Amino acid sequence: MIGSAVAMVLMIAVNILMPPSAEEQLQALRAELKAQRSAADSCRAALGREQVALFASDTRLDSLRTEIELYESLDARGVPTDSYAVYLEVFETYNAGIPSRVAAADSLRIHWTICRAITREHNSLADSARGLAAGLGLLAEDSSPGAGAGAGAGAGAGEAATADAGGTSGQ
């Protein structure tokens with residue numbers, strides 16, 4: 001028990017006195033960048049599915065609203081008595097669909113915000129990895145986004161993630 005405690009203290013002391021090398025830091029950043037990219041891609045795909053569902057809901061509600069307006073336009077005095085039961089059913093179906101549509105839109109907005117945060121974190125990691133790789137001389141002379149992608153530091157990936165997540169806001 002005492003031996004393992006001494007070993008643990010020794011390991012902590014070594015880590016404090018000998019921080020990870022730049023190469024080890026870059027490898028850790030690459031691993032974290034890969035995980036963040038996967039999270040951003042998953043988030044973007046989920047946003048796409050939510051957006052499709054919201055558009056389908058909008059299409060259904062628009063169709064019901066058009067049907068309601070049709071019944072309401074049949075007679076200047078109001079919906080004819082012989083059509084009123086069907087009109088009321090369509091009207092109630094329309095009203096019943098509104099809360100789920102609002103909830104879907106709210107959910108999409110929340111998830112979009114989360115995806116933007118994931119993308120920002122990914123981009124920050126990509127910038128850090130790019131800077132560290134440049135400092136180690138692993139990037140070509142042109143270290144603009146995308147130019148160092150062959151170095152494996154994740155260069156260029158952040159720009160795609162930003163464009164993808166930002167373009168699916170549905171707003």
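The shown structure was predicted, so the numbers you read here are calculated from the model rather than taken from an experiment.
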Student: How long is the straight-line distance from CD of Gln51 back to CH2 of Trp112, given to the nearest 0.5 Å?
Tutor: 11.5 Å
Student: Testing the basics here: between Arg101 and Ser57, what is the closest heavy-atom pair and its distance to 0.1 Å?
Tutor: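 Closest heavy-atom pair between Arg101 and Ser57: CG-OG, 3.4 Å.
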Student: Any chance you could measure Glu121, atom CD, to Glu32, atom CD, to the nearest 0.5 Å?
Tutor: 6.5 Å
Student: Could you pull out all residues at least two apart from Tyr94 that satisfy ring pair (Phe, Tyr, Trp, His ring centres under 6.0 Å)?
Tutor: none
Student: For the CG atom of Leu54 and the CG atom of Leu47, what is their distance to the nearest 0.5 Å?
Tutor: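 Between atom CG of Leu54 and atom CG of Leu47 there are 11.5 Å.
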Student: Can you tell me if CZ on Arg65 sees more than 12 non-hydrogen neighbours from other groups inside 6.0 Å?
Tutor: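 Check passes, neighbour count above 12.
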Student: Does Ser107 reach the main-chain N or O of Ala103 with its side chain, forming a donor-acceptor pair under 3.5 Å?
Tutor: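 No, Ser107 side chain to Ala103 backbone: no donor-acceptor pair under 3.5 Å.
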Student: Check Val79 against Tyr71 and note the closest heavy-atom contact, atom names and distance.
Tutor: CG2-O, 3.8 Å
Student: So how far is it from Leu33 CG to Ser38 OG, rounded to the nearest 0.5 Å?
Tutor: 11.0 Å
Student: Gln27 vs Glu24, test: side-chain contact (heavy atoms from CB on, under 4.5 Å). Steps then yes/no.
Tutor: CA-CA 5 Å; Gln27 289 302 320; Glu24 291 169 330; 5.7 Å; no
Student: Using only atom types and a distance under 3.5 Å, with no angle test, would you say the side chain of Ser124 pairs donor to acceptor with the backbone of Arg120?
Tutor: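 A pair under 3.5 Å: no.
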Student: What's the spacing between Arg44 CZ and Arg37 CZ if we round to 0.5 Å?
Tutor: 5.5 Å
Student: Please identify each residue that fulfils salt bridge (Lys or Arg N to Asp or Glu O under 4.0 Å) with Asp62, with sequence neighbours left out.
Tutor: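 In terms of salt bridge (Lys or Arg N to Asp or Glu O under 4.0 Å), with neighbours along the sequence ignored, Asp62 is linked to no residue.
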Student: Do you reckon Leu61 sits in the same ILVMFWY cluster as Val102, going by side-chain contacts under 4.5 Å, direct or chained?
Tutor: yes
Student: Output the distance between atom OG (Ser128) and atom CG (Asn123), rounded to the nearest 0.5 Å.
Tutor: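 Output value for this atom pair is 11.0 Å.
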Student: So, the side chain of Thr93 versus the backbone of Glu89: is there a donor-acceptor pair under 3.5 Å, distance only?
Tutor: yes
Student: Treating Ser100 as the side-chain partner and Gly97 as the backbone partner, does any N or O pair qualify as donor plus acceptor under 3.5 Å?
Tutor: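 Such a contact is found between Ser100 side chain and Gly97 backbone.
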Student: Going by side-chain heavy atoms closer than 4.5 Å, which hydrophobic residues are tied to Ile114, directly or by a chain of links?
Tutor: Ile110, Ile118
Student: Verify the cluster assignment for Leu70 and Ile68: are they in a single hydrophobic cluster under the rule of side-chain heavy atoms below 4.5 Å apart?
Tutor: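 Result: no, two separate clusters.
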